[in-house]
Amino acid sequence: MVRKPVILVTGASGEVGYGLIEQFANLGDMDVVALDLKELPPEHRAMCSTAIAGDILDQNLLQRLISEYEIHAIYHLAALLSTRAEFTPDTAHRVNVEGTLNLIKLAHEQSRWHGHPVRFLFPSSIAVYGLPSVDAKQRAGRVREADWNLPTTMYGCNKCYCEQLGRYYTSYYQQLSAEPQSSGVDFRAVRFPGLISAFTVPSGGTSDYAAEMIHAAAQRLPYACFVGKEARLPFMVMPDAIKALVQVAEAPAERLSQRVYNVTSFSLSAAELRDRVRKAFPEADISFRPDSKRARIVDTWPADVDDGLAREDWDWSPDYDVDRAFDEYLIPAIAQRYAENR
Ligand code: AKB
């Protein structure tokens with residue numbers, strides 16, 4: 001039985017999933033198998049060679065993927081985000097950790113079958129960081145990958161552990177065996193800052209206030225921000241997130257000095273964000289009603305990150321700085337989206 005060479009995208013019905021599937025459709029030279037608990041909407045299903053509604057914890061489904069497809073790359077996007085994971089930590093562990101290990105093992109198995117390394121792309125997060133106080137956060141400035149890996153959320157712990165699992169499978173798998181062999185897993189992770197899309201609104205995250213504020217203003221809905229005015233985070237718009245994943249995937253392995261990279265575009269306080277939204281939507285009713293517990297999570301995440309290694313090792317640079325992000329991508333697309341609905 002001839003197995004079809006494909007790329008597997010898990011969490012395909014999520015924000016990053018849509019963007020990635022569209023990118024591959026534009027590139028047009030890859031067969032994509034999309035996997036998500038939720039059915040893909042028809043327009044995205046049409047862009048994939050196969051769209052499967054299924055669970056990454058379902059061993060029968062994973063065995064089926066192994067027998068039916070020759071998978072050369074896995075974009076493993078399926079995950080419960082930080083706020084949601086705090087309410088269901090056990091489920092978060094199962095999905096975020098056991099699910100990821102299932103897919104890493106699938107990559108290993110696939111590589112054994114077709115004899116080529118399987119590129120495993122993993123969206124990690126600034127949630128792996130844990131700054132002990134707002135003062136420490138201010139002093140830390142642009143945080144490097146090796147600093148402050150002290151996550152304070154289940155999601156952050158999950159991402160941190162999975163980064164280490166990926167490093168282990170890539171470089172140390174079965175190191176005690178008589179003839180150690182490569183696992184065939186070529187793990188590459190980017191630590192995403194808060195992501196903002198013009199076409200989807202996030203759910204279950206703690207950096208979601210940024211997208212929520214913009215989308216609410218465009219719909220002329222009042223928005224009470226759950227963090228304080230001074231809360232600062234690094235952000236990136238969705239096209240740059242897709243660019244980072246595809247670019248690190250294409251980087252020659254010999255150029256990678258490590259397997260986990262910071263990437264970012266701009267850093268904004270919630271007040272600066274409000275000002276930019278108000279510039280586009282002067283009538284916007286934006287208030288600040290901090291949720292102390294969620295706001296504390298944001299206070300433990302860095303105000304900015306140092307993505308110098310990504311720039312050095314695989315020529316990373318975002319296409320959208322803060323001005324382009326708002327003036328050329330977010331505001332025009334979001335304003336049009338809701339104007340059409342009015
Ligand atoms: C979240 O808020 O959970 C995510 C993230 C920062 O990884 N958006």
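Ligands are counted one by one from 1 in listed order, and the atoms in each one are counted from 1 as well.
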* To do: Using a strict cut-off of 4.0 Å, indicate which atoms of ligand 1 neighbour a heavy atom of L81.
  =>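 Ligand 1 atoms under the 4.0 Å threshold to L81: 3 (O).
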
* Identify, by atom number and element, the atoms of ligand 1 in contact range of G205, meaning under 4.0 Å from any of its heavy atoms. =>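 Counting from 1, the qualifying ligand atoms are 1 (C), 2 (O), 3 (O).
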
* Pi-cation contact, F122 with K159 (under 6.0 Å, within 45°) ->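 Yes, cation above the ring, under 6.0 Å and within 45°.
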
* Please say whether S125 places an N or O atom under 3.5 Å from an N or O atom belonging to ligand 1. =>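 Right, the criterion is met.
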
* Presence of salt bridge, E328 and R324, under 4.0 angstrom ->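 Salt bridge: yes.
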
* Asked: Nearest to atom 1 (C) of ligand 1, what protein heavy atom do you find, and at what distance?
  ->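 The answer is S82 OG, 3.3 Å.
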
* To do: Quick one: look up the protein heavy atom nearest atom 8 (N) of ligand 1 and list residue, atom name and how far away it is.
  =>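 Here the nearest protein heavy atom works out to S207 OG, 2.9 Å.
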
* Asked: Is the closest heavy atom of T206 to ligand 1 under 4.0 Å?
  ->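 The answer is yes: ligand 1 sits under 4.0 Å from a heavy atom of T206.
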
* Asked: Between Y155 and ligand 1, which residue portion shows a heavy-atom distance shorter than 4.0 Å: side chain, backbone, both, or neither?
  ->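 Side chain only.
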
Could you list the donor-acceptor pairs under 3.5 angstrom formed between side-chain atoms of residues 198-205 and any protein atom two or more places apart in sequence or on another chain?
{"residue": "T200", "atom": "OG1", "partner": "E15", "partner atom": "OE2", "Å": "2.7"}
{"residue": "T200", "atom": "OG1", "partner": "S197", "partner atom": "OG", "Å": "3.2"}

* Asked: Can you list every pair that meets side chain to side chain donor-acceptor pair (under 3.5 Å) and has a residue in residues 49-58, with sequence neighbours left out?
  ->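 Residue pairs passing side chain to side chain donor-acceptor pair (under 3.5 Å), neighbours aside: T50-Y69.
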
* Establish, from distance only, whether the side-chain atoms of Y223 and E212 form a donor-acceptor pair under 3.5 Å. =>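 Their side chains do contain a donor-acceptor pair, which is all the 3.5 Å distance test asks for.
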
* Return yes when atom OH of Y161 has more than 12 non-hydrogen atoms of other residues, nucleotides or ligands closer than 6.0 Å, and no otherwise. =>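 For Y161, atom OH is not crowded (no more than 12 foreign heavy atoms under 6.0 Å).
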
